[in-house]
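See structure below.
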Amino acid sequence: MLPQPLPTLRAPDPIATRTHCPYCAFQCGMLVTGTDGDPRTEVKADPEFPVNRGQMCIKGFTAGDLIDHPARLTAPKLRARDGRMVPASWDAALDFVAERLLRLRAAHGPAALAAFGSGALTNEKAYLLGKFVRVALGSPNIDYNGRYCMASAAAGQNKAFGVDRGLPFPIEDIARTKVLLLWGGNCALTMPPLMQWIAEQQSGGKLIVVDPRRTETARLADLHLQLTPGSDLALACGLLHLAIDERLCDLDYIASRTQGFDEVRRAVMQVHPAHVERLTGVSIDDQLRTVRLLAAEESGMLLSGRGPEQQSKGVDTVLAFTNLMLALGKVGKPASGYGCLTGQGNGQGGREHGQKADQLPGYRMIENLEDREALARVWGIDPATLPGKGKSAYELLDALGPEGGIRALLVFGSNVAVASPNARNIERKLGSLDLLVVCDAFENETSATAHAILPVLQWAEEAGTMTNLEGRVILRQPARAAPAGARSDLEILCALAERLGHGERFPSSTPEVVFDELRRATAGGRADYSGITYDKIRRAQWIFWPCPSEDHPGTPRLFEERFQFPDGRARFHVVRHRPAAELPDAAYPLYFTTGRYKEHYNSGAQTRRVSALVDAQPAPRVQVHPRLASDLGVASGGALLVESRRGSVTFGVEVSADVRTDTLFAPFHWGGKLSANILTNPALDPQSRMPEFKVCAVRARAVALPPSLPGDGGTA
Ligand SMILES: Nc1nc2c(c(=O)[nH]1)N[C@H]1C(S)=C(S)[C@@H](COP(=O)(O)OP(=O)(O)OC[C@H]3O[C@@H](n4cnc5c(=O)[nH]c(N)nc54)[C@H](O)[C@@H]3O)O[C@H]1N2
Ligand SMILES: Nc1nc2c(c(=O)[nH]1)N[C@H]1C(S)=C(S)[C@@H](COP(=O)(O)OP(=O)(O)OC[C@H]3O[C@@H](n4cnc5c(=O)[nH]c(N)nc54)[C@H](O)[C@@H]3O)O[C@H]1N2
Ligand code: SF4
Ligand SMILES: [Mo]
């Protein structure tokens, strides 16, 4: 049966358009109003979208400011001989970019051309960008910012379950689980409307939060495990050890639905809980309490955020989570299992449609012969001409310039100069390119050294599908007229393809037409969208993938009967604790970890433009425990110079007992001198190539507060 259509909206305003928020993966239903003559775009929460149920956060409520913003780019800009950026016509800008791409390809080969995509892009854009790089540029080098975000959880779920869909169940299941283990996610700030489901969950169940800080989320928990940064893998393996020791595992489930438990049992039993206590700082009592709670109830769920995933062992940590939940027999059971809280608006769809260096649309693998042939058929090319695997996000950026060999970079939807680890290195490399093209609605730190900036439409001005954290495919509808002078990403890609001599393979920039091609390209793949159409979404409001045929209703829940391996069984994987790539030592004695404020989004490229958000959070502050602050001789309102092996940043200080005494925390939403990523370590997970944003070693000393920095401007 198809999902029932929602009752027709009684619009509070006759011209309200139903669409979705431009920011995070919750993709709150949103009503946008405003007439073309009226300069103000108003947004309200959609009371009838069942995910946010009438709630939004302050970023969503102020998103209309981005549409009407005076700093919006409305004409292409090219760098003139004197170094200034000057406005140019679209023809001149596109001709310039295409000519340079052709020249650089002729001189250095196709792999010298690269693109960087984003989980902010619609499915259609992610799809067309991947095709553009492989077909029109002929280069293997495309990757995207999801590599900084979802890559470890995705790799882990693929290895354990045979498919990766952030949440393999709808959000409502969270409210019904008896025990929720929320591991390294601060959703009270990063997905505030999710908290209504957690409040329901807590009315009859228990919440356990694992975070080195006592966050707004941890404060609500029945049990908070305030572990040492980077020790998640040890803790998760330790919990499985205790579950086995206490005979809490579900042996029937293990026997009938999984493979590989014995090896895992042998490995985890070698590590004693007391050793885990030393590694993690979590007492054996609290470890025991956690597994007993989790095992005692019929339903139980582990959801992870970026805390445990953004580590150089993120994949193994996720595998330790899937091991634990499989051993307890929870995965695929009602209101139970493992899920990852996907981050960006289309973080889920963005990783399914071929902008990942090693993947093709529909979650096909670029090095698999059958997958290559399937895609080559859809694209009408010889599979032999399809490039192989490209470099992962940080490795791609690190290879920019004459030394690394990548001469040209096109950026769609990421502020890589701020969002990348060891940011100073990336800034330098961006500056050494022969061609940097940034397609964005606003200038940002990355476009500072661009040769061409191409202004794009924003979410409320164009149609496109997004796949939210639950795998629910939704449709963004245009609510405002597009500003003169800006073009859609799809138009830009088609116009460039035409100039590169591939126009016939990029015949349309109409989102629905591109989606129809995407449907064909994903047919038979792991993320099968072939049965989803715009009309079907318009009627039903959403469809969960996989949806392999037009009469298929979509799949809200995965793994109820089988996992996505030929034998239908989930896989255990042997994983063992290992330390972070950089640990505190005599020279750099403190842990440094990073994360988010409620008011700002990622690199801040958008939210630092919204005055209500800047007023509420004007600058980053480093969070310091009172005992450490007193050792360092600093108080709230003062400043600390924080140094790592890669660089230094002076932050205003927020003294708070919510952080461990051995750890400093700062958000990464600012660029320039205030970029937390000046400090972070670009150590990569060997499997997912995810950088270690959550752990590095620093030292700190008190300095005078620079006049440019506000003091203790509020709380995080
Ligand atoms: N307001 C706001 N909301 C957002 C975003 C935003 O930028 N701002 N971004 C969106 C995106 S793209 C994403 S990916 C999500 C991210 O959402 P979250 O995962 O909730 O975000 P983070 O703040 O990066 O990390 C979560 C927590 O990890 C903790 N942590 C740090 N180190 C460790 C560790 O070693 N182990 C453990 N267990 N925890 C650790 C931090 O203290 C932090 O509280 O949010 C989305 N929503
Ligand atoms: N230290 C540290 N660093 C981190 C993290 C961390 O926790 N700590 N988290 C990482 C994570 S999880 C993420 S997701 C990244 C995010 O960081 P970034 O990759 O920089 O992402 P955003 O800041 O969201 O930048 C989005 C840009 O895309 C533009 N944009 C939005 N929609 C579109 C569109 O449709 N088309 C085009 N062309 N442009 C568009 C916006 O205007 C903005 O300039 O940061 C990573 N970096
Ligand atoms: S929770 Fe996410 S989707 Fe909802 S309003 Fe906030 S940023 Fe937008
Ligand atoms: Mo993210």
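Every number for a ligand or one of its atoms is a count from 1 in the order of the listing.
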Close-contact set for ligand 1 against Pro229 heavy atoms, below 4.0 Å | 35 (O)
Is the closest basic N to carboxylate O distance between Glu443 and Lys77 below 4.0 Å?
-> yes
Closest non-hydrogen protein atom to atom 26 (C) of ligand 1, residue and atom name please, with distance?
-> Gly184 O, 3.3 Å
Flag the pair Arg213 and Asp658 as a salt bridge only when some basic side-chain nitrogen lies within less than 4.0 angstrom of an acidic carboxylate oxygen.
-> no
Considering heavy atoms of the protein only, find what lies nearest to atom 46 (C) of ligand 1 and give residue, atom and distance to 0.1 Å.
-> Gly343 O, 3.7 Å
Can a salt bridge be assigned to the pair Arg476 and Glu462 using a cut-off of 4.0 Å between side-chain N and carboxylate O?
-> no
Selection from Pro667, Ala419, Ser675, Pro455 by shortest heavy-atom distance to atom 18 (P) of ligand 2 = Ala419
Does ligand 1 have any atom sitting under 4.0 Å from a heavy atom of Met191?
-> no
Only counting residues at least two apart or in another chain, list the ones meeting side-chain contact (heavy atoms from CB on, under 4.5 Å) with Ser509.
-> Leu490, Glu491, Cys494
Ligand 1 to Gly305, heavy atom cutoff 4.0 Å, flagged ligand atoms 19 (O)
Side chain, backbone, both or neither: which part of Thr190 comes within less than 4.0 Å of ligand 1 when only heavy atoms are counted?
-> both
What protein heavy atom is closest to atom 38 (N) of ligand 1, reported as residue, atom name and distance in Å?
-> Asp232 OD2, 2.6 Å
Using a 4.0 Å heavy-atom cut-off, say whether Gln310 meets ligand 2 through its side chain, its backbone, both or neither.
-> side chain
For atom 35 (O) of ligand 1, closest protein heavy-atom neighbour | Gly230 N, 2.8 Å
Could you tell me whether Ser414 approaches ligand 2 through its side chain, its backbone, both or neither, with non-hydrogen atoms closer than 4.0 Å?
-> both
Would you say ligand 2 has an N or O under 3.5 Å from any N or O of Tyr148?
-> no
Identify the closest protein heavy atom to atom 30 (N) of ligand 1: which residue and atom is it, and at what distance?
-> Pro212 CD, 3.6 Å
Please state which protein non-hydrogen atom is closest to atom 24 (O) of ligand 1 and give its distance, to 0.1 Å?
-> Arg596 NH1, 2.6 Å
Asp489 to ligand 2: N or O pair under 3.5 Å?
-> yes
So the atoms of ligand 1 within less than 4.0 Å of a heavy atom of His600 turn out to be 1 (N), 2 (C), 6 (C), 7 (O), 8 (N)
Asn425 and Tyr394 side chains, donor-acceptor separation under 3.5 Å | yes
Atom 20 (O) of ligand 1 [closest protein heavy-atom partner, distance rounded to 0.1 Å] | Asn186 N, 2.7 Å
Sub-3.5 Å N/O-N/O distance, Arg306 and ligand 2 = no
Backbone or side-chain N or O of Thr680 under 3.5 Å from ligand 2 N or O = no
Ligand 1 versus Tyr597, non-hydrogen atoms closer than 4.0 Å: side chain, backbone, both, neither?
-> backbone
Relative to Trp197, does Arg53 satisfy both conditions: NZ or CZ under 6.0 angstrom from the six-membered ring centre, and within 45 degrees of the ring's axis?
-> yes
Does Met150 come within less than 4.0 Å of ligand 1, judged by its heavy atoms?
-> no
Going by heavy atoms, is Phe693 under 4.0 Å from ligand 1?
-> no
Distance (rounded to the nearest 0.5 Å) between Ser312 OG and Asn681 CG | 8.0 Å
Any N/O pair Asn602/ligand 2 closer than 3.5 Å | yes
Side chain, backbone, both or neither: Leu189 near ligand 1, heavy atoms under 4.0 Å | backbone
Give yes or no for whether the N/O distance cutoff of 3.5 Å, strictly under, is met between Gln344 and ligand 2.
-> no
May I ask you to check if Arg621 and Phe651 form a cation-pi contact, with NZ or CZ under 6.0 angstrom from the six-membered ring centre and within 45° of the axis?
-> no
Counting each atom of ligand 1 from 1 as listed, which ones have a heavy atom of Lys598 under 4.0 Å away?
-> 1 (N)
Tell me which part of Asn415 gets within contact of ligand 2: side chain, backbone, both or neither, using heavy atoms under 4.0 Å.
-> both
Atoms of ligand 1, numbered as shown, that sit under 4.0 Å from any heavy atom of Gln311 | 34 (C), 35 (O), 36 (N)
Salt bridge between Asp398 and Lys429, side-chain N to carboxylate O under 4.0 Å?
-> yes
Given ring-ring contact (aromatic ring centres under 6.0 Å, His included), test Phe442 with His69 step by step and report yes or no.
-> CA-CA 9 Å; Phe442 295 95; His69 204 285; 5.5 Å; yes
Under a 4.0 Å N-O cut-off, is there an ion pair linking Asp65 with Arg609?
-> no
Under a 4.0 Å N-O cut-off, is there an ion pair linking Arg689 with Asp143?
-> no
Which of these, His669, Gln606, Glu443, has its nearest heavy atom closest to atom 31 (C) of ligand 2?
-> Gln606
Find all atoms of ligand 2 within a distance of less than 4.0 Å from any non-hydrogen atom belonging to Ala120, and give their numbers and elements.
-> 31 (C), 32 (N)
Backbone or side chain, does any N or O of Cys439 fall under 3.5 Å from an N or O of ligand 2?
-> yes
Angle class for the Trp670/Tyr597 ring planes (parallel below 30°, perpendicular above 60°, tilted otherwise)?
-> perpendicular
Where ligand 1 meets Val210 - atom numbers and elements under 4.0 angstrom, heavy-atom basis | 38 (N)
Would you say Val438 and Phe412 make side-chain contact, with heavy atoms under 4.5 Å?
-> no
Contacting atoms of ligand 1, where contact means under 4.0 angstrom from a heavy atom of Trp183 | 38 (N)
Which protein heavy atom lies closest to atom 43 (C) of ligand 1, and at what distance to 0.1 Å?
-> Asp211 OD2, 3.4 Å
Taking both backbone and side-chain atoms of Gly413, is any N or O found less than 3.5 Å from an N or O belonging to ligand 2?
-> yes
Result, protein N, O or S atoms below 2.8 Å from atom 8 (Fe) of ligand 3, excl. waters, equals 1
